[in-house]
Amino acid sequence: MPDGNAIERLVIFGATGDLAARMLIPSLYFLDADNLLPKDLKILGSARTDMRREKFVEYVEGVLKKRPEGLDEAAWKRFSGRLDYCAADVTKAAGMKGVAEHVGDKPTVFYLALSPSIYGAVCKTLDEAGLACGECRIVLEKPLGHDLESSKAINAEVGQVFEEARVFRIDHYLGKETVQNLLALRFANTLFEPLWNNLAIDHVQITVAETEGVGERWRYYDDYGALRDMVQNHMMQLLCLVAMEPPADAGADSVRDEKVKVLKALRHFDRATASQASVRGQYRAGVVEGRQVPAYVEEKGGATDTETFVALRADIDNWRWAGVPFYLRTGKRLPKRVSEVAIQFKDVPQILFNSNPDMQLEPTVLSVRVQPEEGLAMRIASKLPGPKIRIYPVKMEFNYASGFGASSPEAYERLILDVMAGDATLFMRRDQVEAAWQFVTPVLERWEKVGVRDLPEYQCGTWGPVEADRLIEPDGRFWRSL
Ligand code: BG6
């Protein structure tokens with residue numbers, strides 16, 4: 001485990017890139033404004049662009065000023081005082097030399113906001129420059145690889161330089177309050193856990209829907225698609241949190257051990273099941289939130305077989321979950337931005353209140369709203385007031401904003417603090433990443449084989465291709481209306 005020494009340097013490789021501007025710089029600024037960064041921390045931006053420190057500070061100020069929160073003068077003064085810049089090609093030993101001069105022998109976090117294809121090369125130059133010292137940590141962004149093989153290769157290259165306890169693989173969904181609350185919900189209440197199994201639960205649905213398209217990101221996205229971009233990481237993590245056994249303690253490895261067990265228990269696809277249990281789709285022009293938006297191929301400027309929608313049925317072959325399907329769906333340009341985990345309980349027996357086959361009762365559903373309007377809701381059956389016995393579904397709700405007041409911090413804020421503290425609980429361990437790749441790889445291989453021939457389209461502003469309904473409806477179940 002990394003020791004408790006305060007981190008004194010944070011180096012962002014890729015400091016002028018999209019991720020740094022959208023997530024890292026604002027998160028660091030907000031942490032500083034809340035007095036949460038180590039007192040002596042200096043932040044070194046590094047990228048290929050040649051510029052002086054003043055220019056970089058100006059650039060960071062511009063990034064922060066574009067945000068709706070605006071800049072607080074005192075907070076900016078302190079934050080800007082932490083900033084420095086070093087232009088470098090960090091895949092080359094000579095480039096890393098400049099970084100080494102800035103960092104010296106201080107305990108440092110190296111944040112690789114770069115293409116994963118150069119993670120190995122950067123680790124090598126860090127090592128050669130004497131920067132991979134015992135107190136340093138490295139942060140890696142997803143996607144870690146393109147498939148199981150490339151993921152293993154990246155992990156091996158990184159592992160030659162940094163021991164696993166010093167490697168922090170980000171999955172920003174794990175930094176979301178509502179995602180962390182899944183474990184609190186399950187293991188801080190006695191109510192749910194006795195029912196959290198195949199005796200009481202019919203199935204689980206996990207939805208991550210976005211209204212945004214791919215837009216400017218198509219260069220990256222076209223190479224990856226929704227399965228690699230969302231399912232292999234974020235959705236697998238959500239599935240693990242729902243399905244895992246209670247860990248022996250809250251330590252990083254205890255929690256991650258349990259998640260790996262879930263991934264290993266996932267039923268592996270063969271060629272036939274890969275096509276039966278998965279559906280992909282690509283958006284064509286349509287209307288989202290009242291706006292006419294173009295097709296994916298128009299954004300990309302040509303034909304492509306990249307999927308922007310995925311629906312999948314996953315089965316977990318262990319005692320707790322045998323016979324309980326997990327239905328996953330995610331897509332861009334869907335009607336609504338909403339992420340939800342829904343646990344649907346089994347129907348009550350068809351007697352008493354549920355004895356009329358033409359008016360079956362709606363089952364109990366516990367839904368965890370990951371975002372937006374973070375919270376959770378339980379749909380239960382209740383008697384409608386009146387002389388007759390009539391049963392009606394009602395909702396009990398908890399909403400974060402009204403329950404706790406303050407809005408939740410950005411996921412990246414929490415994750416950056418955890419890296420500084422050396423706490424890897426919310427980061428993906430190497431075996432987890434590889435087990436998740438192992439699960440999705442047969443589906444990728446299947447799609448690669450059929451290519452563009454069998455790529456259903458869906459109109460922007462709809463819930464994906466009709467084939468997604470055909471995935472779930474033959475099982476006698478339906479996607480939730482969200
Ligand atoms: C990223 C994906 O990891 O997550 C994006 O690369 C996606 O394609 C994003 O839009 C969604 O994150 P959030 O936090 O907005 O749900």
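Just so you know, ligand 1 is whichever comes first in the structure, and atom 1 is the first atom listed for that ligand. Numbering starts at 1 and runs along the sequence shown.
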Student: What part of E212, side chain, backbone, both or neither, has a heavy atom within less than 4.0 angstrom of ligand 1?
Tutor: neither
Student: Students should be able to answer this: which protein heavy-atom is nearest to atom 6 (O) of ligand 1, and at what distance?
Tutor: D229 OD1, 2.6 Å
Student: Counting only heavy atoms closer than 4.0 Å, does ligand 1 sit against the backbone of R337, its side chain, both, or neither?
Tutor: side chain
Student: On the ring face of W463, is R329 found with NZ or CZ under 6.0 Å from the centre and within 45° of the axis?
Tutor: yes
Student: Just need the protein heavy atom nearest to atom 12 (O) of ligand 1, so name the residue and atom and give the distance.
Tutor: H172 NE2, 3.1 Å
Student: Please list, in number order, the atoms of ligand 1 under 4.0 Å from a heavy atom of Q371.
Tutor: 13 (P), 16 (O)
Student: Considering only heavy atoms of K142, which atoms of ligand 1 have at least one such atom less than 4.0 Å away?
Tutor: 1 (C), 2 (C), 3 (O), 6 (O)
Student: Does the side chain of R78 pick up a donor-acceptor pair with the side chain of N35 at under 3.5 Å?
Tutor: yes
Student: Going by the order shown, which atoms of ligand 1 are within less than 4.0 Å of some heavy atom of K332?
Tutor: 5 (C), 7 (C), 8 (O), 10 (O)
Student: If you have a sec, work out which protein heavy atom is nearest atom 16 (O) of ligand 1 and how many Å separate them, to one decimal?
Tutor: Y173 OH, 2.5 Å
Student: With respect to L131, which candidate in V99, I138, V161 satisfies the side chain to side chain contact (heavy atoms under 4.5 Å, CB included) definition?
Tutor: V99
Student: Do S150 and D147 get their side chains close enough for a donor-acceptor pair, meaning under 3.5 Å?
Tutor: yes
Student: Should S339 be counted as touching ligand 1, given the test is an N or O pair under 3.5 Å?
Tutor: no
Student: Assess the side chains of N155 and R169: does a donor N or O sit below 3.5 Å from an acceptor N or O?
Tutor: yes
Student: Using side chain to side chain donor-acceptor pair (under 3.5 Å), reason through D222 and Y296 one step at a time and then give a plain yes or no.
Tutor: CA-CA 10 Å; D222 202 52; Y296 178 65; 2.6 Å; yes
Student: Students often mix this up, so state it plainly: with edges at 30° and 60°, are the rings of F404 and Y400 parallel, tilted or perpendicular?
Tutor: perpendicular
Student: Which residue and atom name correspond to the protein heavy atom nearest atom 9 (C) of ligand 1, and how close is it?
Tutor: E210 OE2, 4.0 Å
Student: Check the angle between the aromatic planes of Y283 and Y458 and answer parallel, tilted or perpendicular using the 30° and 60° thresholds.
Tutor: perpendicular
Student: So, regarding K176 and ligand 1 (criterion: nitrogen or oxygen to nitrogen or oxygen, under 3.5 Å), is there a contact or not?
Tutor: yes
